[in-house]
Amino acid sequence: MSETPHRYTAELAGQIEVAWQDRWEQEGTFHAPNPSGPWAEPDKVAEFDNGHLLVLDMFPYPSGAGLHVGHPLGYIATDVVARYNRMLGKNVLHCLGYDAFGLPAEQYAVQTGQHPRVTTEANIATMKRQLRRLGLGHDDRRVIETIDPEYYRWTQWIFLQIHNSWYDAEAVRADGGRGRARPISELIAQFESGQRAVLSEDGRGWADLTGPERESVLEQFRLAYASEAPVNWCPGLGTVLSNEEVTNEGRSERGNYPVFKAKLRQWMMRITAYSDRLADDLDRVDWPEKVKLMQRNWIGRSQGARVTFHIGEHPVEVFTTRPDTLFGATFMVLSPEHPLVAGTDGDEAGASIVASSWPEGTSAAWTGGHATPTEAVEAYRLAASRKSDVERQMDAKDKTGVFTGAYATNPVNGTAIPVFVADYVLMGYGTGAIMAVPAGDERDFAFAQQFGVPIIDVIAPADQPDWAGSVADGKAFTGNGVAINSSNDEISLDGLAVDDAKARITAWLAERGLGEATVNYRLRDWLFSRQRYWGEPFPIVFDEEGTSHALPESMLPVVLPDVPDYSPRTFDPDDANTAPEPPLGRLDDWVNVTLDLGDGPKQYRRETNTMPNWAGSCWYYLRYLDPENREALVDAANEQYWMGPRPMTVPGAPAGVTDPGGVDLYVGGVEHAVLHLLYARFWHKVLFDLGHVTSEEPFRRYFAQGYIQAFAYRDHRGQPVPAAEVVEGAPDSKGEPTFTWNGEPVTREYGKIGKSLKNVVSPDEMYEEYGADTFRVYEMSMGPLELSKPWETRAVVGAQRFLQRLWRNVVDEETGETRVVDAEVSRELSVLLNQTIAAVREDFATLGFNTAIARLIELNNAVTKLDVVPRSVAEPLVLMTAPIAPHLAEELWSRMGHPGTLTHEPFPQADPALLVEDTVTCVIQIKGKVRDRMEVASDISEDDLRELALAREKVKAATENGVRTVIVRAPKLVNVVPA
RNA sequence: GCCGGGAUGGUGGAACGGCAGACACGGAGCACUCAAAAUGCUUUGCCCGCAAGGGCGUGCGGGUUCAAAUCCCGCUCCCGGCACCA
């Protein structure tokens, strides 16, 4: 029999942990009361005297592989924050649900025939078990799953809201800004009353349009609309991909199949209507600057002008950010996909500007060796379409292109400038056509040099009077300077600075109808259709004429039916001439329905595409607030309570910026910095505009956590070997560590935790070997939350030793008796305790868990050295440890005589009188180098300290030639500078 | 290429412009033990020295300052994001 039967071992930890988890569940310890709705408990809400807090993690996908030790990092961090804030007297809502639609389950279904729901639910069960064992203080009533029809009913409802609204850029918002979503019925009313004219081609008014014609007018306004858009069609997967799902190589991220551009009718989200607000409101949220910057870059707002050039009869619009350089435009470039050159191969031939023969004297370099411009452009377009994006990038330095044989007229000076087709101009940005100013743009400069096009300097550096010009320089001048060579009979920009020149020329162009100031965005509308099975069905049907109709709310949810085969029809990966056929399309009984949509029963066909994964994860945080509500996606009072704007300032924001509301703390990986966070912001703003929520932003504060990575090892063939079985050997001759597996030398690398690298460590192993509390302490002590850091199983023991010492300070290992007594505490220990309280509070508030744990360890180590353990130190120590190691803390708290949970015990407060020691060590520097130390009273005056320091032997010896100056920072430092 | 972030012992990491390396892992030694594990104690940046003590030290090179890991300038390397964005 062991001499220490009551030692805090992994086994004992496990018993304690499971017991407390059961008790928390039974008592509903972490249930957060709602002020309103189905769970209204206003009396309980009123009990919290220090406000409330909403803390969330990013929505997890329940992967089939279960969790590894990297996953819980953020969950533990938010749990610590949540538990800490409960002890501050706040009503804290912390919970977690499952983003359960998704491709892995569908692909598994394709392979095995297993219904994705079965796989997904099994995965959720595993993940729930693993998370429960971690002891997270989640409100377990609020676990939602996106695949639950009662959940996706509201996903579909939001889609209807978006579909049934339009963006009125002129409407005044509550905050005084302009532009908001409005119900489409208000637009229809405007058309009906004639307040807004219909822009029909034949001049007919709204009253004269047929139903389908009206719908096609409305589609141009709806925020969710069907569009015949160029999409990324991947025959190998049988589905259409969003731009983000296509690699730089022009292949599918999943499966690495070729991706082709095809035109398809797809549901789109008009996120571009919100470009300005999405960009501007970044000032109002407390997010990492780098994430704000990523979103700003993604939105890509740039101020500039649209200028109309003419190529013969054809007007061509170009977008430029530098209208001030218009006089330097010596050629024009159209993208290979531009409609004015796209016509050469068929249907739109009439629109082409490509000349039928080369003009007199065309340089051979411009023709690409072809007999006619038509041939040359056709060949170039074909070559460009075959180039992958990566090939285009590799060639980025060598500009390619061909002359179209056509000339455009520069509107400022009437000069005829040659028009080229070149793939460095992209159809997807601006207008797909540029005016090329080689003197002021590096790409245009490279092209001009290569093709021998004239280069005219129009901006000269203001601070270099003897500037020889861009050609002499060998590079374009892109800096700020002064306009030169820029005048015609009516206007001169010469001598103006860039900004003034821009304003002057833009005004001139506008007066003559040649152009106007405009803002361009990189952001494009969001492709929302997927040709997949495992997603939310659209609440949309098509009538016999093919016109789409939104279903009324009363028909929700549109339940996802079972299908015999889960895969979309796939094709020869290289066959571009194919079209998607989603799995739902095979269910004739489901697809063809008779419905009464207000004008009697009629035959309709259902939309067979499904929504993308983003749909369910765009709004889930709202459903957490009121998951049982059948009447609304969230009760208005609940939303306002948890997420509504508050009278507070936004950290780091410009003066006058107001809090937009939102989740108080949102933690998750930075890989979702752009898409998820942008899409969710967009949906939230639509819901705000339509009056469904009071918050203007979904996430008021976002924290980007780092990742836990791990070492992986490969044998001589490059095959990964199980990392857990690798043995570290003696360092080699260079001092680098060596590693072996089964006696064979292996090489080490550092990377993601995953099956493929055979370096997975699961939390289950940690519970088994150390217990959940130790695992929690280790993860939180590894380093700052925002940093990525390597997992090291052998270091976990440090966290275990800390908890064992804490246990031993409270519980006798041999008898199991409590060791804590009511004893006097030395002033020294009191000071340490109070300093620790102050430091831990500050660290918890700033998510500095690693330093908080270091402080707790120091205090605990000090207690370890005592013969008796005073209650007045042990209790606050246990309470402070509780957010990080909650089970151990609860157990010790109860053994110290407290029957209830410590969840809502007040967090210890520091006594300001006990924050300073009686004496401190003063450092004495001579010329900035530490040469001596002395103990002094902590309230010593500067003069006394100076005198004491100057009297020291070492100081006297160093200042034989006199003292130049003495810097005193009482009580900790004196710096003596000898003459 | 552009934008952003970083570089501190053998390792993860601490450090309002004021004692560099808190805390932890690992290493070394000691105690307890028949032994091992566990635990406790001591020690652990590098160099010289028996020691007292001294010198060097926060990626590299400069600067500001009484004082720089921290602020400024110029590099190197690493990580993240974007990428021919007009």
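Basis for what follows: all heavy atoms, side chains included, without hydrogens, waters or symmetry-related copies. Residue numbering restarts at 1 for every chain, and letters A, B, ... go by the order of the sequence lines.
In the set B:C66, B:G40, B:G81, B:C66 carries the atom at the smallest distance from any side-chain atom of A:N975. Set against B:C3, B:A22, B:C82, the side chain of A:A854 has B:A22 as its closest nucleotide. Comparing B:A24, B:G18, B:A86 by their closest approach to the side chain of A:S302 singles out B:A86. Of the candidate nucleotides B:G40, B:C82, B:G13, B:G13 has the atom lying nearest to any side-chain atom of A:N850. Here the side chain of A:R801 is nearest to one of B:U39, B:C19, B:A86, namely B:U39. Picking from B:G13, B:A14, B:C19 the nucleotide with the shortest atom distance to the side chain of A:V930 gives B:C19. Comparing B:C66, B:C41, B:G26 by their nearest atom to the side chain of A:K865 picks out B:C41. Of the candidates B:G18, B:G4, B:U11, the closest approach to any side-chain atom of A:K290 belongs to B:G4. Taking only side-chain atoms of A:I967, from C-beta outward, the nucleotide of B:C82, B:C66, B:A24 with the closest atom is B:C66. Among the nucleotides B:C85, B:C66, B:C19, the one closest to any side-chain atom of A:L426 is B:C85.
Counting any heavy atom pair closer than 4.0 Å across all strands shown, A:R931 reaches sugar-phosphate atoms only and no base atom. Within the 4.0 angstrom heavy-atom criterion, only backbone atoms of the sugar-phosphate kind lie near A:R808; the bases stay farther away. Within the 4.0 angstrom heavy-atom criterion, only backbone atoms of the sugar-phosphate kind lie near A:L293; the bases stay farther away. At a threshold of 4.0 angstrom between heavy atoms, the contacts of A:E858 are confined to the sugar-phosphate backbone, with no base atom among them. Within 4.0 Å (heavy atoms only), A:R306 reaches no atom of the nucleic acid at all. Here A:N861 lies in heavy-atom contact (under 4.0 Å) with sugar-phosphate atoms only. In this structure, A:S781 reaches neither bases nor backbone, as no heavy-atom distance under 4.0 Å exists between it and the strands shown. Using a 4.0 Å heavy-atom distance criterion, A:R933 is classed as a base contact. At the heavy-atom level, A:S788 lies under 4.0 Å from the strands shown only through sugar-phosphate atoms.
Residues from residues 433-442 of chain A placing a heavy atom under 4.0 Å of any atom in RNA chain B, listed by number, are A:I434.
For residues 325-335 of chain A, there are no salt bridge (charged side-chain N to carboxylate O under 4.0 Å, His left out) pairs, not counting sequence neighbours.
Using N1 to N3 plus N6-O4 or O6-N4 for Watson-Crick, or N1-O2 and O6-N3 for G-U wobble, each under 3.5 Å, B:U42 pairs with B:A28. Using N1 to N3 plus N6-O4 or O6-N4 for Watson-Crick, or N1-O2 and O6-N3 for G-U wobble, each under 3.5 Å, B:U33 pairs with nothing. The partner of B:C50, taking Watson-Crick or G-U wobble pairs whose two distances both stay under 3.5 Å, does not exist in any strand shown. If you check B:A68 for Watson-Crick or wobble pairing at under 3.5 angstrom, you find it has no partner at all. Across all strands shown, B:C60 forms a Watson-Crick or G-U wobble pair with B:G74, both key distances being under 3.5 Å. Of the nucleotides present, B:C79 is the one that pairs with B:G4 by Watson-Crick or G-U wobble criteria, both distances under 3.5 Å. The nucleotide B:A22 finds no pairing partner, because no Watson-Crick or G-U wobble arrangement with both distances shorter than 3.5 Å includes it.
Here OG1 of A:T864 is found 4.0 Å from CG of A:N809. Values are rounded to the nearest 0.5 Å. We find the CG-CZ distance between A:D457 and A:F477 to be 10.0 Å, quoted to the nearest 0.5 Å. With values rounded to the nearest 0.5 angstrom, A:E779 atom CD is found 10.0 Å from A:L785 atom CG.
For A:K399 and B:C84, a side-chain-to-base donor-acceptor distance below 3.5 Å is present, hydrogens and geometry of angles not being considered. Within 3.5 Å, no donor on the side chain of A:R794 pairs with an acceptor on the base of B:C25, nor the reverse. With hydrogens and angles ignored, a donor-acceptor pair closer than 3.5 Å exists between the side chain of A:D423 and the base of B:C84. At a cut-off of 3.5 angstrom, the base of B:G4 holds no donor-acceptor pair with the side chain of A:E289.
Using the six-membered ring where Trp is involved, A:F711 and A:Y713 have ring planes that are tilted, between 30° and 60° apart.
Between the CE atom of A:M782 and the P atom of B:U11 there is a distance of 16 Å, rounded to whole Å. Atom pair A:R522:CZ and B:C85:C1' shows a separation of 8 Å (rounding to whole Å applied). In this entry the distance linking CZ of A:F802 with P of B:U39 reads 15 Å, nearest Å. The distance between atom CH2 of A:W791 and atom C1' of B:C25, rounded to the nearest whole Å, is 13 Å. As a whole-Å value, the separation of A:D843 CG from B:C16 P is 11 Å. Regarding A:R443, its CZ atom lies at a distance of 14 Å from the P atom of B:C2, rounded to whole Å. Remark: C1' of B:U65 and CG of A:L973 are 14 Å apart, rounded to the nearest angstrom. The interatomic distance linking A:R969 (CZ) with B:C16 (C1') rounds to 13 Å, in whole Å.
Using a cut-off of 4.0 Å between Lys/Arg side-chain N and Asp/Glu carboxylate O, A:R306 and A:E516 are scored as not salt-bridged. With respect to the salt-bridge test (charged N to carboxylate O, under 4.0 angstrom), the residues A:R7 and A:D812 do not qualify. Classification of A:D932 and A:R952 as a salt-bridged pair holds, one side-chain N sitting under 4.0 Å from a carboxylate O. With respect to the salt-bridge test (charged N to carboxylate O, under 4.0 angstrom), the residues A:D276 and A:R301 qualify.
Centroid-to-centroid, the aromatic rings of A:Y770 and A:Y778 stay 6.0 Å apart or farther. Between A:F451 and A:F331, the gap from one ring centroid to the other reaches at least 6.0 Å. Taking the six-membered ring wherever Trp is involved, the centroid distance between the rings of A:W791 and A:Y750 does not fall below 6.0 Å.
Comparing B:C46 with B:A31, their C1' atoms sit 30 Å apart, to the nearest whole Å. Taking atom P in both B:A69 and B:A7, the straight-line distance is 14 Å, to the nearest Å. Between the C1' atoms of B:G27 and B:G81, the separation comes to 40 Å (whole Å). On the P atoms, B:A22 is 29 Å away from B:G5, given to the nearest whole Å. The gap from the C1' atom of B:U64 to that of B:G10 amounts to 35 Å, rounded to the nearest Å. For the C1' atom pair drawn from B:C50 and B:G45, the interatomic distance equals 22 Å after rounding to whole Å. As rounded to the nearest Å, B:U65 and B:G18 have C1' atoms that lie 12 Å from one another.
Between A:Q804 and B:U39 there is a side-chain N or O to OP1 or OP2 distance below 4.0 Å.
Taking for each of A:G928 and A:V923 the nucleotide of RNA chain B with the nearest heavy atom, the 5'-most of the two is the partner of A:V923. Across the interface with RNA chain B, nearest-nucleotide mapping of A:P790 and A:T965 shows A:P790 to be the residue nearer the 5′ end.
Here B:G9 is in the syn range [glycosidic angle within 90° of 0].
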